[in-house]
Protein chains: 2
Amino acid sequence: MAETAKALETSTRILDAAEVLFVEHGFDATSMRMITQSAGVNIAAVNYYFGSKDGLFKAVFERRAEPFARLTLQRLGELESRDTIPTAREITEAFVAGSAELGRDTSLGGLLFVRLMGRTFVEPHPILKESMPRRYGEVTRRYIAAYRRALPHLSEQEVHWRFHFLTSAMFNAFAGNNVLRLFMDQPLVNARDPILIARMLLPFIEAGLNAPAAT
Amino acid sequence: MAETAKALETSTRILDAAEVLFVEHGFDATSMRMITQSAGVNIAAVNYYFGSKDGLFKAVFERRAEPFARLTLQRLGELESRDTIPTAREITEAFVAGSAELGRDTSLGGLLFVRLMGRTFVEPHPILKESMPRRYGEVTRRYIAAYRRALPHLSEQEVHWRFHFLTSAMFNAFAGNNVLRLFMDQPLVNARDPILIARMLLPFIEAGLNAPAAT
DNA sequence: CTTGGTTTCAAACATCTGTTTGAAAAATTA
DNA sequence: TAATTTTTCAAACAGATGTTTGAAACCAAG
């Protein structure tokens with residue numbers, strides 16, 4: 001099980017197929033046979049390369065986790081290297097830009113990972129219980145710290161609440177988890193263009209963050 | 001299979017157990033045996049009363065769908081029976097109050113149904129493809145119409161986008177699908193109290209809705 | 001060409017899935 | 001009480017699940 005060219009080829013074929021299927025149908029509704037069939041690979045290949053279905057899921061996640069964290073942190077770093085305190089708008093732009101950039105980069109799986117995130121919030125797979133805080137603990141802490149500096153009129157708790165709200169809105173927006181798509185026969189809003197989504201999101205979130213504290 | 005007292009008793013026992021398990025683990029990860037065991041009922045009872053697992057899921061949904069729609073529409077109706085045009089804040093209060101009231105009413109399953117909704121946005125079960133627009137098409141149309149009157153500076157599209165954002169934030173907030181819970185080791189925000197959630201939500205959403213149109 | 005490690009493959013593994021059966025038990029009606 | 005319907009139950013159904021096996025195929029190095 002060394003890193004030969006062949007091993008890398010088939011293992012990434014499995015990862016690519018599994019990523020799409022996990023995002024589309026969820027972990028439980030995606031069978032080994034669906035994955036291997038879609039990847040054009042023998043059934044035993046998954047256990048050969050990843051040990052188990054759980055191991056494959058973890059590998060699917062880990063492959064995208066670091067690039068996404070890097071994208072998201074990079075922008076914030078640039079912002080904080082200036083001499084002025086970043087505004088809530090600027091911090092949000094940095095945060096949203098991370099997902100938007102990912103969405104345009106097909107070599108990173110496009111929006112698939114963001115959609116996987118959106119799924120994971122609702123249905124957290126136990127296998128990610130450890131890697132999630134490890135990979136995104138710092139990202140979260142640094143963004144919240146930046147927001148706290150930008151929003152001194154809010155308590156720490158309330159900043160956390162608003163971070164909760166904005167991430168819910170953002171991830172679901174990029175993931176296309178549209179309530180209207182489900183409730184109405186022909187929804188007006190059905191765009192998958194990351195730039196448009198970001199443009200619609202920003203004024204909403206900016207104003208929401210800057211709103212006065214709850215009474 | 002008539003509506004005897006016994007039939008009603010065991011069928012609601014099944015519904016109660018299934019509701020919790022579907023919300024907790026999702027449709028696919030919940031087996032017939034988990035449901036019947038939790039309900040203290042024979043395996044065959046589900047098929048006897050609901051025909052199939054799909055039929056049970058639909059029944060679980062249908063039981064709560066109407067009360068929730070009624071709660072949500074009632075408040076809006078009161079608002080619109082006045083002689084002044086409701087503000088975005090008031091409309092949002094009506095919308096949020098529906099979920100908050102449901103959350104406090106254990107006889108309606110509390111927040112379980114809202115959490116089921118949150119799941120369904122991410123993972124829409126085909127069995128609901130028809131009942132969702134039928135049950136919530138009117139709710140959605142009327143709320144969006146009210147928002148359009150309150151927000152004349154926004155295009156129809158943009159009102160739809162913001163409705164998308166606010167429902168994402170709201171449902172995930174009530175469902176407790178907290179990003180922080182997943183990303184951080186000890187999240188500050190972990191409340192399940194519907195009143196607190198509503199209080200935190202309102203200023204955020206109000207300001208987001210009233211924000212100027214996207215550039 | 002041969003050797004030794006890597007990768008593929010069809011077949012089978014035990015276990016779990018949703019569903020059905022037919023008879024026993026319970027409740028209702030006559 | 002007797003007849004009839006409704007409800008429960010253990011057992012079995014066929015099919016799908018993730019995983020393992022052991023041999024064949026492949027491949028690069030000696």
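Basis for what follows: all heavy atoms, side chains included, without hydrogens, waters or symmetry-related copies. Chain A is the first sequence line, chain B the second, and so forth, proteins listed ahead of strands; every chain is numbered from 1. Note that the coordinates shown come from a computational prediction; the quantities given were computed from them, not determined experimentally.
- Distance OH (B:Tyr49) to P (C:dG18): 20 Å, rounded to an integer number of Å.
- Atom pair B:Asn47:CG and D:dT8:P shows a separation of 14 Å (rounding to whole Å applied).
- OP1 or OP2 of C:dT8 has at least one side-chain nitrogen or oxygen of A:Thr10 nearer than 4.0 Å.
- When the side-chain nitrogen and oxygen atoms of A:Ser31 are compared with OP1 and OP2 of D:dA16, none of them lie within a distance under 4.0 Å.
- Residues passing the side-chain hydrogen bond (donor to acceptor under 3.5 Å, both in side chains) test with B:Asp28: none are found, sequence neighbours excluded.
- Within 4.0 Å of B:Thr30, counting heavy atoms only, lie sugar-phosphate atoms of the nucleic acid but no base atom.
- A salt bridge is defined here as a Lys NZ or Arg NE, NH1 or NH2 lying under 4.0 Å from an Asp or Glu carboxylate O, and B:Asp16 with B:Arg63 meets this definition.
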Could you write out each protein N or O paired with an N or O of nucleotides 10-14 of chain D at a distance under 3.5 Å?
unit_1 : atom_1 : unit_2  : atom_2 : d
D:dA10 : N7     : B:Asn42 : ND2    : 3.4

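- Atom CE of B:Met32 and atom P of D:dT17 are 16 Å apart (whole Å).
- Going from atom OH of B:Tyr48 over to atom P of D:dT6 covers 7 Å, rounded to whole Å.
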Check residues 105-117 of chain A and write down every donor-acceptor pair under 3.5 Å in which the side-chain atom is one partner and the other belongs to a residue at least two apart or another chain.
unit_1   : atom_1 : unit_2   : atom_2 : d
A:Asp105 : OD1    : A:Ser107 : N      : 3.0
A:Asp105 : OD1    : A:Ser107 : OG     : 2.6

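- The side-chain hydrogen bond (donor to acceptor under 3.5 Å, both in side chains) test applied to B:Arg119 returns A:Glu123, not counting sequence neighbours.
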Using distance only, find each side-chain donor-acceptor pair of residues 36-43 of chain A under 3.5 Å and give its atom names and separation, not counting sequence neighbours.
unit_1  : atom_1 : unit_2  : atom_2 : d
A:Thr36 : OG1    : A:Met32 : O      : 2.9
A:Thr36 : OG1    : A:Arg33 : O      : 3.4
A:Asn42 : OD1    : A:Ala44 : N      : 2.9

Side-chain donor/acceptor pairs under 3.5 Å, residues 93-102 of chain B, sequence neighbours excluded:
unit_1   : atom_1 : unit_2  : atom_2 : d
B:Glu93  : OE2    : B:Arg89 : NE     : 3.0
B:Glu101 : OE2    : B:Arg75 : NE     : 3.0
B:Glu101 : OE2    : B:Arg75 : NH2    : 2.5

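- Legend: salt bridge (charged side-chain N to carboxylate O under 4.0 Å, His left out) pairs involving residues 167-179 of chain A, not counting sequence neighbours: none detected.
- Every residue meeting the side-chain contact (heavy atoms from CB on, under 4.5 Å) condition with B:Arg199, not counting sequence neighbours, appears here in chain and number order: A:Ala214, B:Leu196.
- For the segment residues 52-61 of chain A, residues with any heavy atom less than 4.0 angstrom from an atom of DNA chain D are, sorted by number, A:Ser52, A:Lys53.
- D:dA16 atom P lies 17 Å from atom CD1 of A:Ile35, rounded to whole Å.
- Protein atom CD1 of B:Ile14 is 11 Å distant from nucleotide atom P of D:dC9, rounded to whole Å.
- At whole-Å resolution of the value, CZ in B:Phe22 and P in C:dG18 are 9 Å apart.
- The nearest whole Å value for the distance from the CZ atom in B:Phe50 to the C1' atom in C:dG18 is 16 Å.
- With sequence neighbours excluded, the residues satisfying side-chain contact (heavy atoms from CB on, under 4.5 Å) with B:Glu80 are B:Leu76, B:Pro86, B:Arg142, B:Ala146, B:Arg149.
- Annotation: side-chain hydrogen bond (donor to acceptor under 3.5 Å, both in side chains) contacts of B:Thr92 (sequence neighbours excluded): B:Tyr147.
- The one candidate from A:Asn177, A:Thr167, A:Val122 that meets the side chain to side chain contact (heavy atoms under 4.5 Å, CB included) condition with A:Asn172 is A:Asn177.
- Comparing the start and finish of the helix from C:dC1-D:dG30 to C:dA30-D:dT1, five pairs each, the helix axis swings through 10°, to the nearest 10 degrees.
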